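Okay, so here's the structure we're looking at.
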Amino acid sequence: TRSTRPQRLLKAVQKNATRGDPQSVISAIDHFCRHSEWAMNIGDEKGTILDSVVNELNPEKVLELGTYCGYSTVRIARLLPPGARLITLEFNGDYAAIARQVITWAGLEDRVQLVEGASEDWIPRMKEHFGIETFDLVFLDHWKDRYLPDTKLMEDCGLLRKGTVLLADNVICPGVPDYLQYVRNSLSYKSCYFKSHLEYTKAEDGLEKSVFLG
Ligand SMILES: Nc1ncnc2c1ncn2CCCCCNC(=O)c1cc(-c2ccc(F)cc2)cc(O)c1O
Ligand SMILES: [Mg+2]
């Protein structure tokens with residue numbers, strides 16, 4: 001049977017990227033998505049904004065909601081100091097299997113913990129299962145109708161502290177209107193919009209950066 005797009009993306013990484021070189025993995029995926037097949041990675045333009053937020057924060061504990069093929073996982077993990085940890089949740093087992101291989105090809109498996117399952121099932125278990133008190137950075141890139149309920153769930157589970165940064169992908173396309181309204185109007189967040197483009201296209205999209213004020 002025909003291969004899947006994530007399988008073809010992984011082949012492109014194994015063919016064109018150097019083992020242990022995260023930048024070559026990022027470049028191989030961007031090339032594949034620009035010249036072969038579009039895929040829903042954050043991409044190089046929004047990825048540069050993601051990089052700047054990670055570099056500014058120097059986070060120890062990062063949560064990513066929605067791994068897909070591991071492109072943003074690699075972007076974030078390559079910037080973390082060896083002691084730091086990135087936990088990434090992926091609902092789809094086929095995506096998770098590809099992402100594990102992409103993360104390993106980049107040589108970043110020691111900083112990344114990929115967990116298969118739904119965000120609403122795992123967020124309440126972060127403390128007892130992973131020994132996490134609070135996160136320094138949360139990257140939201142999963143089902144767009146889960147951004148708001150999962151943010152409220154993270155608040156209720158005490159996973160956010162004064163200064164925790166939420167960075168949300170796709171706030172314009174596909175769009176997350178209920179989440180945007182919440183973080184932009186809540187007195188508990190200081191929120192700002194980074195205008196950009198939908199990965200590998202000219203359509204508008206952007207990232208919303210929201211700092212939890214406690
Ligand atoms: N741990 C968990 N819990 C719950 N859901 C979970 C999960 N882990 C995964 N999922 C399920 C996420 C499925 C992928 C989410 N991302 C998207 O749906 C997405 C779509 C587009 C897009 C834009 C324009 C178009 F024309 C078409 C598609 C672009 C993007 O950058 C996107 O991130
Ligand atoms: Mg996205």
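For ligands, and for the atoms within them, numbers begin at 1 and follow the listed sequence. As the structure is a prediction and not an experimental result, all values here were calculated from the model. The first residue of the sequence shown is numbered 1, and numbering continues consecutively from there. Every heavy atom of this structure was used, including side-chain atoms; hydrogens, water molecules and symmetry mates were not.
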The angle formed at the Mg ion (ligand 2) by OD2 of Asp169 and OD1 of Asn170 is about (to 10 degrees) 90°
Tell me whether Asn41 has any N or O atom under 3.5 angstrom from an N or O of ligand 1. no
Going by heavy atoms, is [X] under 4.0 Å from ligand 1?
{"X": "Leu65", "value": "no"}
{"X": "Glu199", "value": "yes"}
{"X": "Gly117", "value": "yes"}
{"X": "Glu120", "value": "no"}
{"X": "Asn92", "value": "no"}

What are the atoms of ligand 1, with element, lying closer than 4.0 Å to any heavy atom of [X]?
{"X": "Trp143", "value": "4 (C), 5 (N), 11 (C), 12 (C)"}
{"X": "Leu89", "value": "1 (N), 8 (N)"}
{"X": "Leu198", "value": "23 (C), 24 (C)"}
{"X": "Asp169", "value": "31 (O)"}

Can you see whether Asp44 engages Tyr200 through a side-chain donor-acceptor pair at a distance of less than 3.5 angstrom?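 Tyr200 and Asp44 do not have a side-chain donor-acceptor pair below 3.5 Å.
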Would you say Arg8 and Ser3 are linked by a side-chain donor-acceptor pair, where the criterion is simply a distance under 3.5 Å?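 Distance-only check passes for Ser3 and Arg8.
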In the protein, which heavy atom is nearest to [atom], and how far is it?
{"atom": "atom 28 (C) of ligand 1", "answer": "Trp38 CH2, 3.8 Å"}
{"atom": "atom 14 (C) of ligand 1", "answer": "Met40 CE, 3.6 Å"}
{"atom": "atom 32 (C) of ligand 1", "answer": "Asn170 OD1, 3.2 Å"}
{"atom": "atom 9 (C) of ligand 1", "answer": "Glu90 OE2, 3.3 Å"}
{"atom": "atom 6 (C) of ligand 1", "answer": "Phe91 CB, 3.5 Å"}

Side-chain heavy-atom pair Cys33, Asn41 within 4.5 angstrom cut-off: yes
If only atom types and distance count, is the side chain of Tyr147 paired as donor or acceptor with the main-chain N or O of Leu140 below 3.5 Å?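 Side chain of Tyr147 to backbone of Leu140, a donor-acceptor pair under 3.5 Å: yes, one is there.
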Within the side chain of Asp205, is there an N or O that forms a donor-acceptor pair under 3.5 Å with the backbone of Cys173?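 Flag set: sc Asp205 to bb Cys173 pair under 3.5 Å.
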Can you tell me the N, O or S atom of Asp141 that's nearest the Mg ion (ligand 2)?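 In Asp141, the heteroatom (N, O or S) nearest the Mg ion (ligand 2) is OD1.
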Does the protein place any heavy atom closer than 4.0 Å to atom 25 (C) of ligand 1? no
Could you tell me which non-hydrogen atom of Val53 sits nearest to which non-hydrogen atom of Val165, and how far apart they are? CG1-CG1, 4.3 Å
Give the single entry among Lys46, Lys144, Arg146 that approaches atom 18 (O) of ligand 1 most closely by any heavy atom. Lys144
Can you confirm if the aromatic rings of His142 and Tyr68 lie within a centre distance of less than 6.0 Å?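 Here the rings of His142 and Tyr68 have centres that are no less than 6.0 Å from each other.
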Would you mind listing every salt bridge (Lys or Arg N to Asp or Glu O under 4.0 Å) that reaches into residues 57-74, with sequence neighbours excluded?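 Salt bridge (Lys or Arg N to Asp or Glu O under 4.0 Å) check on residues 57-74 returns no pairs.
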Axial cation check for Tyr193 ring with Arg184, 6.0 Å and 45° limits: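 Yes; both conditions hold, so Arg184 lies above the ring face of Tyr193.
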May I ask you to decide if the ring planes of Phe130 and Trp122 are parallel, tilted or perpendicular, using 30° and 60° as cut-offs?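 Taking Trp122 first and then Phe130, their aromatic rings sit tilted (interplane angle of 30° to 60°).
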What's the separation between atom CH2 in Trp105 and atom OG in Ser24, rounded to the nearest 0.5 Å?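 Reported to 0.5 Å precision, the distance equals 9.0 Å.
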